[in-house]
Amino acid sequence: MNASFAPDFLTWLPAWLVMQSAALLVVMPLLSGPIALVLSRGRLAWTWAIIISLATFAMALILYGQVLEHGSVEYAFGDWAPPLGITYNIDALNMLILLLVAGMGVLSLFYGLPSVLREIAPKDQAAFFAAFMLCLTGLLGVAITGDAFNVFVFLEISSISTYVLIAMGGRQDRRALTASFHYLILGTIGATFFVIGIGLLYMATGTLNMADITAQLRLHGDDRVVRAAFAFIVIGLGLKTAMFPLHTWLPNAYAYSPTVVGAFLASTATKVAFYAMVRFTLGVFLPGSPFSDAFLGLVLAPMAVAAMVICSVQALYQTDLRKLLAYSSVAQLGYMLLGLSMGTMAGVSASLLHLFNHALLKGGLFMGLGIFALSFGVRQVQDLRGLGKTMPVAAAAFAICGLSLIGVPLTAGFWGKYFLITAALEKGWWWAATAILISSVLAIFYVGRMLETMYLQPAPKTKGRSKKITAKAPLLALIPLVLLAVANVWFFVDASLPKGLADAAANVLFGGGAP
Amino acid sequence: MTELLGNAINPAWVILAAGLLIAALPWHHARKSVMLLAPVLALYFWLRMNAFGDFAHMDIDTIGISLTTFRFDGLSRIWGLIFIIAAFLNAIYALHERDRLQDSMSVLYGGAAMAAVFAGDLITLFVFWEITAFTSVFLIWRTGTAAARNAGIRYLVMHIASGVLLLAGAVLLHAQTGSWAFEHIGLEAGLAGWLILIGFGVKAAFPLLHSWLQDAYPKATITGAVVLSAFTTKMAIYALARGYAGTEILIYVGVIMALFPVFFAVIENDLRRVLSFSINNQLGFMVVGIGVGTSLGINGAAAHAFADVLFKGLLFMSMGAVLYRTGTTKASELGGLFRSMPITAFFCLIGAGAISAFPFLSAFVTKALILAAVADEGHWIIWLALVFASAGVLEHAGIKIPYFSFFAHDSGRRVKEAPWNMLLAMGIAAFLSVFIGVNHRWLYALLPYANNYEPYTLGHIVGQMQLLLAAIFAFALLMRLGWYPSEKRMTILDVDWFWRKPGKAIGQWAYAIIARLWAHSMRGLSTSFRSISTMLAIFLSPNGGISRSFPAGALAGWAAAFLTLALMAVYMAN
Amino acid sequence: MSTTKTPKKASSKSAAPRKPAHDEDIHPVARPFLWLVSDRVRKGFLYFVGFAMVLSMGADFLIHRHGHFHFEEYQGFFAFFGFAAFAFVVLMGWPLRRATGRSEDYYPESTEDD
């Protein structure tokens with residue numbers, strides 16, 4: 001990483017804050033949840049959640065400064081030495097995720113107030129924010145911790161709060177309850193697989209610390225237990241990542257949850273699970289071992305390609321906007337899994353870059369839909385008619401994010417696909433490059449259909465009320481959306497932040513060994 | 001990131017920054033001041049350049065390439081200057097207009113064209129190439145009619161495609177040579193060379209790729225058409241001169257470009273569309289000069305591009321003024337306007353004389369360079385064709401434009417003379433057209449190569465006067481005989497007919513057929529291969545299969561099955 | 001001039017506001033030039049231009065034009081070529097219009113144009 005970018009703001013801050021930032025990053029939102037519940041009034045709880053999430057984001061920035069300076073940060077809880085106590089390990093790989101989750105947390109919360117006030121029953125609003133903060137805690141925790149069992153705990157915290165959040169969409173649409181139930185079933189299965197895997201790993205190595213597991217595995221070599229552990233862990237995480245064909249929970253969960261939740265989950269939840277998958281397949285288990293190569297090449301790569309193509313086609317056939325975006329998400333996760341399955345530095349770096357960009361653009365798209373839904377009750381593709389005129393700013397931001405989803409040059413989405421294709425060609429996987437192109441062409445169509453409806457079809461004539469409502473995009477919701485659209489352009493022009501982190505992360509996994 | 005060498009400042013940045021500033025300025029007068037001041041400041045930076053070279057670089061760390069954003073040499077110098085002048089004239093011409101969107105977009109568009117001209121590598125060129133498309137389209141859309149909206153979309157599609165071709169070619173070229181530099185490309189570069197040539201060709205309105213021009217420019221706003229006429233196509237001519245000098249095929253492409261619009265312009269009723277054909281025709285001359293590729297040919301293309309921006313701008317401005325006052329530019333609706341707009345008529349006549357290459361007006365000293373270059377290489381058929389096309393220029397631009405709007409039969413329209421700012425802009429353009437015609441040494445000194453061609457020989461003047469007078473005589477005679485196709489309100493078809501009519505119909509037909517085939521095959525499959533059809537439905541239909549909710553037990557089983565698969569893969573590995 | 005034969009939609013449309021040539025609305029700058037469109041000048045224009053053309057052709061007998069090609073140096077080459085080219089371009093307008101001309105609302109969208 002470029003040392004000259006290292007911010008000197010660290011020297012301005014009190015030393016204890018810098019020292020404890022890793023712990024505060026998780027502890028603050030964790031403790032804030034119950035307090036939010038106590039505050040009991042929607043707006044009050046929201047204010048509280050905003051303050052905490054901003055503080056959390058600040059912690060992430062402080063950590064980023066430290067990572068820039070030192071390369072990685074290690075934090076031991078209660079000063080217990082690594083193999084025994086719980087440690088937090090922060091390197092470029094989880095830094096990328098932490099920044100993303102903390103940042104999207106802030107943006108989603110700002111965005112969320114108008115829709116929460118509208119969609120959630122007043123008595124449940126405080127509970128909603130409490131669940132949201134817990135979910136944030138879980139996601140951050142998965143990303144930050146260096147302890148395998150801790151990953152499970154945080155994964156469960158985030159999952160359980162997610163079930164609650166999705167179910168809260170039930171007031172709008174009863175189908176949210178079934179969606180939540182299905183996610184609960186699959187999520188629990190995934191968690192079970194994962195914890196079984198961790199247990200097997202503990203049997204084999206006698207430790208739960210991830211760095212220590214790697215060290216033990218290096219001595220120990222592989223056997224059937226380790227291999228079984230690997231399979232259980234990756235499939236467990238695959239379920240959480242919505243790896244094709246285990247993605248069936250995702251579309252309904254995104255489609256029927258409250259709009260904020262859709263935006264937040266789409267940009268963070270699967271990304272964090274994907275992070276854990278990368279961490280375990282390439283960081284904890286030794287990269288280049290025969291069984292992980294077999295899994296990546298024989299199972300993951302075909303599934304990734306299948307996801308990219310099949311789910312893009314499914315997106316093409318959807319009429320419900322949020323389901324369309326959800327299927328597109330599964331397809332985009334296919335891109336990331338494909339990068340991972342290449343098992344090369346270039347591939348992993350590209351897939352992390354794509355992860356970052358996809359979080360920005362999918363978050364933006366869901367936020368855009370939320371605003372449209374809030375103002376005009378937009379649910380179906382055809383409801384978008386004429387929105388280019390009636391809500392010009394939101395529509396333009398939505399369109400930019402959509403173009404980024406296609407990967408049009410001048411948007412951030414371009415870089416992810418560009419580097420994925422170069423990585424695939426570098427490895428000689430021309431079929432993967434072809435699949436990326438095919439899937440991109442499909443994306444042109446499903447995004448193009450939305451943009452076409454928005455810009456080229458006249459607004460439906462509704463008894464003279466369409467004009468009045470034009471200005472009613474709530475500003476609080478509009479600002480995060482516009483910020484994300486700007487980010488999508490900005491990270492095309494200057495991709496040094498995500499690209500630098502992604503490269504450094506790939507370097508940690510392949511070059512510098514496990515943390 | 002940007003490193004400045006020798007304190008050289010790219011004039012294009014000034015214009016682009018002004019464009020962004022204007023976009024943010026809510027006050028009319030502040031906007032107009034910036035619009036006027038920016039070209040003056042850019043001119044100052046242009047004048048300060050006293051050496052050739054690459055002056056600014058930008059490193060993109062993401063993909064590890066270094067861009068050259070400011071190359072100042074003989075070729076980019078003259079294009080830079082004419083674009084600065086055009087930006088200034090456009091600002092004056094648009095002084096009366098209260099439209100923030102058009103103000104900012106036209107300035108950004110001019111700045112992007114300038115930045116493309118100063119680009120030293122293909123990536124920078126591509127970026128600004130596309131920006132010109134995205135910004136200029138607003139000048140078309142702003143008219144607000146459905147026709148303008150659709151034409152703008154067709155325009156945008158073709159221009160984005162042009163940029164994509166350029167990018168694809170650039171990537172291929174980089175694979176071959178390892179360099180992004182924008183130097184001579186030529187068709188020796190194989191597929192890359194062809195891709196880039198076609199990309200340039202779209203913007204230069206090569207035959208069959210040209211329809212966006214006649215489609216969109218006449219539908220642009222009054223000021224928009226003036227702005228559009230200056231930049232896009234001339235930028236493409238610059239790119240061709242830089243990358244494809246001496247590419248023989250361009251001679252033939254150019255001749256066709258110079259010839260075919262001549263015939264269409266005769267029967268076209270909309271005078272702004274006549275001028276669009278005229279752009280095409282003038283570009284043809286420049287493309288021929290580039291195709292010849294000698295120093296005289298390139299000089300000719302550069303000089304003619306310079307003169308064309310002025311006199312074509314002048315003609316568009318005069319037609320814009322007519323449109324502004326009367327609300328139409330249809331020849332069949334106009335006539336006799338010199339009674340109410342005599343000053344506009346006068347400037348229009350100067351523009352018409354300049355484009356027709358009357359002695360002591362600009363095209364006389366610039367077009368002659370191209371004809372001489374062609375003749376020097378012994379292409380006598382090409383030469384004849386260009387002389388033929390020159391007679392055609394006189395017909396549509398020299399006579400038709402001023403005659404049917406300002407003279408001919410009196411339409412009875414009595415309107416006000418054009419606003420003072422329009423007159424001022426026209427006056428400056430007219431002055432410069434005369435200035436170049438008289439002081440041709442001034443322009444020749446700015447050309448990329450040393451130039452000692454002498455246009456003012458008695459023989460040249462006499463020959464040209466013969467051509468012009470005989471052509472005017474022919475016009476007067478045909479009018480007297482009633483053989484001149486009278487002006488009629490109608491739509492003249494062009495190649496865009498192919499995608500606006502049969503293309504659209506084929507598209508709709510294909511859609512219907514595919515939809516039917518699809519339905520049919522789905523039905524057929526379901527009867528014969530019930531299982532396969534079920535699977536397809538799982539993948540494709542929004543409400544069935546995978547998309548529908550599974551029972552929880554099935555989900556668990558599915559996950560377990562997948563786990564088994566993973567376990568097998570893991571265990572099988574040696 | 002061209003209106004003698006074909007009575008057009010356009011002229012019927014603009015017939016109402018048509019006024020005599022010397023009306024009040026004429027721009028002061030244009031007044032000294034109104035003679036340019038008098039019938040005499042209009043009719044004489046053909047002969048004037050024809051005369052000028054003959055003069056320019058005559059100049060060829062006094063000076064020798066140096067051309068790149070020998071055919072270019074024939075006396076009056078440009079005049080003959082220019083006349084033929086111009087006449088050809090204009091007369092081709094008839095068949096071309098028959099081939100490509102359509103009514104103004106041929107493309108459905110352009111009806112909204114005016």
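Labels below follow one simple rule: chain letters A, B, ... track the order of the sequence lines, proteins then strands, and each chain is numbered from 1. Excluded from the calculations below are hydrogen atoms, water molecules and symmetry mates; all remaining heavy atoms, backbone and side chain alike, are included.
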Query raised in the report: Side chain, backbone, both or neither: which part of B/Ile131 has a non-hydrogen atom closer than 4.5 Å to chain A?
Result: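 For B/Ile131, neither part sits under 4.5 Å from chain A.
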
Requested in this report: Using distance alone, with no hydrogens and no angle criterion, decide if B/Tyr109 and B/Thr232 have a side-chain donor and acceptor under 3.5 Å apart.
Outcome: yes

Report task. Please state whether the rings of B/Phe128 and B/Trp13 are parallel, tilted or perpendicular, taking 30° and 60° as the class boundaries. Result ->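 If you compare the ring of B/Phe128 with that of B/Trp13, the planes turn out tilted.
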
Report task. Give the ring-plane orientation class for A/Tyr418 versus A/Trp415, where under 30° counts as parallel, over 60° as perpendicular and anything between as tilted. Result ->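 If you compare the ring of A/Tyr418 with that of A/Trp415, the planes turn out perpendicular.
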
Report task. Enumerate the residue pairs fulfilling side-chain hydrogen bond (donor to acceptor under 3.5 Å, both in side chains) with a member in residues 161-177 of chain B, sequence neighbours excluded, ordered by first and then second residue. Result -> B/Trp129-B/Ser162, B/His174-B/Trp180

Query raised in the report: Given a strict heavy-atom distance threshold of 4.5 Å, which part of A/Phe232 is in contact with chain B: side chain, backbone, both, or neither?
Result: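 Contact with chain B is through both the backbone and side chain of A/Phe232.
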
Query raised in the report: Tell me, side chain or backbone of A/Arg224 under 4.5 Å from chain B's heavy atoms, or both, or neither?
Result: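 Both backbone and side chain of A/Arg224 come within 4.5 Å of chain B.
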
Query - chain B contacts, top residue of A/Leu298, A/Leu246, A/Val299 (heavy-atom pairs, under 4.5 Å) - result: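 Looking at each option in turn, the highest pair count goes to A/Leu246.
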
